[in-house]
Amino acid sequence: MKIALALRELHRSEAKLTRILSTIAARHRVEPEVHHVALDIRGWSIDHLAALAEHGRHYELDLDVEPRTAAIGTAVQEQISTLLGRRPEPALVLLMDLRHLHRAAAGVSLDWELLAQGAQAVGDTDLIDLCQRSHPDTLRQMRWANGMLKTLSPQVLAG
């Protein structure tokens, strides 16, 4: 059944989204709102990963319940963030990171939509429920990135 492929891809995409949020939180530690919100909304993806792994067993998948979700070089990125402070260059990096996050969250959102459609086609009501519970979190992650981009881009790009 191809539902297993969709589950595996969504799990991979959620893990990537979680790492992106971890990277943003580490890289932009001196921006309290960015740092803390990124960590908070990362928790949603971590929950999604566990739920996908659990449901994947119904399709004979062995998805990692706790894949690597930490950013590579977190301590180094946090130190660089602290050293650079609020200089203009990190603001450009923040725009780049938020843009990357938005695109990744849009992909995960699409994966949730596809999985929900597949679950509906095969009559997997538990999977439909999982999609209906989880997809709104991804949409909120995407909206947060979009809102931050709209808020920060005028001052960063014109300054």
Side-chain angles (χ1 to χ4, degrees), residues 5-56 61-116 127 129-159:
L5 292 172
L7 276 164
R8 185 180 304 284
E9 177 58 19
L10 179 54
H11 187 270
R12 185 200 62 76
S13 296
E14 279 281 7
K16 180 180 177 184
L17 182 59
T18 305
R19 287 189 299 275
I20 291 168
L21 284 161
S22 296
T23 299
I24 288 172
R27 194 177 287 168
H28 304 286
R29 186 178 186 85
V30 297
E31 296 289 340
E33 180 184 356
V34 172
H35 175 75
H36 293 292
V37 173
L39 289 177
D40 287 345
I41 65 178
R42 180 188 76 146
W44 300 339
S45 287
I46 291 171
D47 293 343
H48 298 167
L49 288 167
L52 287 166
E54 181 180 330
H55 198 82
L61 290 174
D62 185 21
L63 301 174
D64 195 350
V65 176
E66 294 182 20
R68 184 182 64 81
T69 57
I72 296 173
T74 299
V76 172
Q77 290 188 38
E78 287 177 351
Q79 288 176 340
I80 291 170
S81 174
T82 302
L83 291 172
L84 291 176
R86 297 180 187 270
R87 295 176 43 95
E89 296 84 2
L92 288 171
V93 173
L94 177 57
L95 288 183
M96 178 188 71
D97 287 344
L98 289 168
R99 200 170 148 262
H100 184 60
L101 169 63
H102 186 276
R103 289 187 352 225
V108 171
S109 174
L110 181 59
D111 288 345
W112 280 114
E113 288 284 352
L114 296 173
L115 186 60
L127 187 54
D129 290 343
L130 174 61
C131 293
Q132 289 175 342
R133 280 192 322 271
S134 302
H135 187 215
D137 294 339
T138 304
L139 293 173
R140 285 193 293 274
Q141 291 167 324
M142 191 169 56
R143 280 194 298 270
W144 176 74
N146 189 50
M148 291 300 294
L149 285 164
K150 287 179 179 179
T151 301
L152 296 173
S153 62
Q155 66 193 53
V156 171
L157 296 175

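Quick caveat, the model's predicted, so the values are computed rather than measured. The residues of the chain are indexed from 1 along the displayed sequence.
The closest side-chain heavy-atom distance from H48 to T138 is below 4.5 Å. E33 places a side-chain heavy atom less than 4.5 Å from the side chain of M148. At least one side-chain heavy atom of L52 sits less than 4.5 Å from a side-chain heavy atom of L115. Within the 4.5 Å cutoff, side-chain heavy atoms of L61 are placed close to those of R8. The shortest side-chain heavy-atom distance between W112 and L139 does not fall under the 4.5 Å cut-off. Residues D97 and V34 form no side-chain contact, since every pair of their non-hydrogen atoms from C-beta on lies 4.5 Å or further apart.
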Next on the checklist: Evaluate L92 against L157 for side-chain contact (heavy atoms from CB on, under 4.5 Å), listing each step before the verdict.
Outcome noted: CA-CA 8 Å; L92 288 171; L157 296 175; 4.2 Å; yes
Item to check | side-chain contact (heavy atoms from CB on, under 4.5 Å) between V93 and H28, worked out | outcome: CA-CA 9 Å; V93 173; H28 304 286; 4.0 Å; yes
Item to check | L127/L7 under side-chain contact (heavy atoms from CB on, under 4.5 Å): CA gap, chis, key distance, verdict | outcome: CA-CA 10 Å; L127 187 54; L7 276 164; 4.1 Å; yes
Checklist entry - Under the side-chain hydrogen bond (donor to acceptor under 3.5 Å, both in side chains) criterion, do W44 and E14 qualify, and how do the steps go? => result CA-CA 10 Å; W44 300 339; E14 279 281 7; over 6 Å; no
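Atom CZ of R99 sits in a sparse spot, with 12 or fewer heavy atoms from other residues, nucleotides or ligands closer than 6.0 Å.
In this structure, the side chain of E9 does not engage the main chain of D111 through any donor-acceptor pair within 3.5 Å. Between the S109 side chain and the A105 main chain, no donor and acceptor come within less than 3.5 Å of each other.
Separation of atoms CG (L21) and CG (L101) is listed at 5.0 Å; rounding is to 0.5 Å. Going from atom CZ of R27 over to atom CD1 of I20 covers 10.5 Å, rounded to the nearest 0.5 Å. In this structure, L39 CG and R29 CZ are separated by 8.5 Å, a value rounded to the nearest 0.5 Å. Rounding to the nearest 0.5 Å places CG of D129 at 6.0 Å from CZ of R133. Here the straight-line distance linking atom CG of L17 with atom CD1 of I41 works out to 8.0 Å at 0.5 Å rounding. In this structure, CZ on R19 lies 11.0 Å from OG on S45, to the nearest 0.5 angstrom.
Of all the heavy atoms in L130 and A51, the pair that sits closest is CD1-CB, 3.5 Å. Considering every non-hydrogen atom in both A25 and H35, the closest pair reads O-ND1, 2.6 Å. Between D64 and H11 the shortest heavy-atom distance is O-NE2, 2.8 Å.
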